[in-house]
Amino acid sequence: MDLEHVILETDGHKVKMTINKPETLNALNTSLYNQIEQACNDIRRRLDEGEDIRCVIVTGAGEKSFVAGADISEMSTMNLAEAQRFGVECNRAFRNLETLPVPTVAALNGYTLGGGLELALACDLRIASKKARLAFPETGLGITPGSGGTQRLSRLAGPAVAMEMIFTGRMINGEEALNMGIVSDTAEPEELMNVVNAFCDKICQKAPIAIRAAKRAIRRGLECDTDTGLAFEIEAFSQCFTTEDQKEGMRGFLEKRKDIVYKNK
Ligand code: CO8
């Protein structure tokens, strides 16, 4: 399948994924969910082939919207079986994004609604423009969130926040999202991509194998009991001692060097 409405651009160690259908505020139909999945598979293949990708940025094209939700015109006529199939496909795409080995950061450049907020929540971190608006409008359309919203928002910000946002559909701005722990930072709209790039550059400067191991341990730990999670952490920690980057990082510290460079080895 062609990536008709998803653009992948590489800038050093960063890959930017742009949802590019501004005429419908980047609303996601089945084809677009599948293109997101295909883009994730493309990033996985490049990582497997040894490309030194250290961070993925997800954003929306245009001035107005990150993603204004799933495509209501496509969903409006679905029956039970079609809705179930749609649910499976959407969730497969977002789970693929969530489990990418490298950190993912969503740059929320405008409306982040319904399936758009679910896309943002499938990323590891989020930074919002001050003009971003976040909401789950689904219950006002007679449906629930369907691609992870009920699960990921309650884990991230707590069940009361998830229930309030989902039950009322209330729209929040970037500052509120920051106070609720949903986003890590906010930026003036024209500064958003600079702020996101600087944030990702900081991640890219750290030891990439350690970052990937930490992501794996945190993600797995969220889905299991504490002892199993701690076992993942010991595994992650100890595996770092097989890397050149651990030696470089610690030797650099002891030699008081400022020129520590991680080679992803
Ligand atoms: N679906 C389809 N088309 C959309 C959507 C959408 N979600 N959002 C915007 N559009 C279209 C509009 O219809 C319009 O098209 P046209 O020009 O042909 O009329 C175009 O985008 C521009 O939008 P507006 O003219 O409405 O722009 P405004 O600035 O007036 O309003 C809003 C912007 C407030 C964002 C408004 O467009 C809006 O309310 N959009 C719908 C938001 C919404 O309810 N989103 C949630 C959808 S439900 C959902 O996401 C379910 C997730 C679960 C899916 C996974 C299940 C498995």
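Indexing begins at 1, ligand by ligand and atom by atom, following the structure's order. These numbers come from the heavy atoms of this one structure, side chains and all, not from hydrogens, waters or symmetry mates.
- In this structure, atom 17 (O) of ligand 1 has its sub-4.0 angstrom surroundings free of protein heavy atoms.
- The pair Arg219-Asp124 meets the salt-bridge criterion, since a charged nitrogen lies less than 4.0 angstrom from a carboxylate oxygen.
- Classification of Arg92 and Glu37 as a salt-bridged pair holds, one side-chain N sitting under 4.0 Å from a carboxylate O.
- Just one of Gln151, Glu138, Arg152 meets the side-chain contact (heavy atoms from CB on, under 4.5 Å) condition when paired with Glu118; it is Glu138.
- At least one heavy atom of Glu23 sits less than 4.0 Å from an atom of ligand 1.
- Put simply, atom 1 (N) of ligand 1 has protein non-hydrogen atoms near it, under 4.0 Å away.
- Ion pairing between Glu248 and Arg257 holds under the 4.0 Å rule for side-chain N and carboxylate O.
- Here's the thing with Ala27: none of its N/O atoms is less than 3.5 angstrom from an N/O atom of ligand 1.
- Atom numbering of ligand 1 starts at 1 in the shown order; those under 4.0 Å from a heavy atom of Gly87 are 57 (C).
- Annotation for ligand 1: atoms under 4.0 Å from non-hydrogen atoms of Gly115 are 49 (C), 50 (O), 52 (C).
- Heavy-atom proximity to Tyr33, at under 4.0 Å, picks out these atoms of ligand 1: 54 (C), 55 (C).
- The presence of a protein heavy atom under 4.0 Å from atom 42 (C) of ligand 1 is confirmed.
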Start with the C-alpha gap between Thr99 and Arg44, add the side-chain angles, then the distance that decides, and say whether side-chain hydrogen bond (donor to acceptor under 3.5 Å, both in side chains) holds. CA-CA 10 Å; Thr99 57; Arg44 280 176 194 276; 2.8 Å; yes
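- Any N or O atom pair closer than 3.5 Å counts here, and Gly146 shares no such pair with ligand 1.
- Using a 30° and 60° split on the angle between ring planes, Tyr33 and Phe86 fall in the perpendicular class, above 60°.
- Residue, atom and distance of the protein heavy atom nearest to atom 22 (C) of ligand 1 are Leu25 CG, 3.9 Å.
- Ligand 1 lies nowhere less than 4.0 angstrom from a heavy atom belonging to Glu74.
- Between Glu176 and Arg170, at least one side-chain N (NZ, or NE/NH1/NH2) sits under 4.0 Å from a carboxylate O, which counts as a salt bridge.
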Would Glu223 and Arg216 count as a salt bridge (Lys or Arg N to Asp or Glu O under 4.0 Å) if you check the C-alpha gap in whole Å, the side-chain angles of each, and the deciding distance to 0.1 Å? CA-CA 11 Å; Glu223 290 164 7; Arg216 225 168 30 243; over 6 Å; no
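- Listed by atom number, the atoms of ligand 1 under 4.0 Å from Glu118 heavy atoms are 52 (C), 53 (C).
- For atom 14 (C) of ligand 1, no protein heavy-atom neighbour is present inside the 4.0 Å cut-off.
- For atom 35 (C) of ligand 1, the choice among Thr144, Leu113, Ile143, Thr24 with the nearest heavy atom turns out to be Leu113.
- Within the 4.0 Å heavy-atom cutoff, Phe136 does not count among the residues contacting ligand 1.
- Shown in contact with Ser147 at under 4.0 Å from a heavy atom are these atoms of ligand 1, numbered in order with element: 55 (C).
- Checking side-chain atoms of Gln35 against main-chain N and O of Glu4 turns up a donor-acceptor pair under 3.5 Å.
- Between Ala70 and ligand 1, a contact under 3.5 Å exists for at least one N or O pair.
- Geometrically, Arg220 engages Phe232 in a cation-pi contact, judged by NZ or CZ lying under 6.0 Å from the ring centre and within 45° of the ring axis.
- Closer than 4.0 Å to atom 9 (C) of ligand 1 lies at least one heavy atom of the protein.
- Within a 4.0 Å radius of atom 25 (O) of ligand 1, the protein has no heavy atom.
- A salt bridge is defined here as a Lys NZ or Arg NE, NH1 or NH2 lying under 4.0 Å from an Asp or Glu carboxylate O, and Glu255 with Lys247 fails to meet this definition.
- Checked for salt-bridge contact, Asp201 and Lys14 meet the test: a charged N lies under 4.0 Å from a carboxylate O.
- Thr104 has its side chain out of reach of Leu125: every pair of non-hydrogen atoms, C-beta onward, lies at least 4.5 Å apart.
- We find that Glu51 and Arg46 are joined by a salt bridge, their nearest charged nitrogen and carboxylate oxygen being less than 4.0 Å apart.
- The distance criterion of under 3.5 Å between nitrogen or oxygen atoms is met by Lys64 with respect to ligand 1.
- With a 4.0 Å cut-off on non-hydrogen atoms, Ala68 touches ligand 1 through its backbone as well as its side chain.
- Distances below 4.0 Å separate heavy atoms of Leu141 from the following atoms of ligand 1: 44 (O), 47 (C), 48 (S).
- Within a 4.0 Å radius of atom 29 (O) of ligand 1, the protein contributes one or more non-hydrogen atoms.
- For atom 39 (O) of ligand 1, the protein comes within 4.0 Å by no heavy atom at all.
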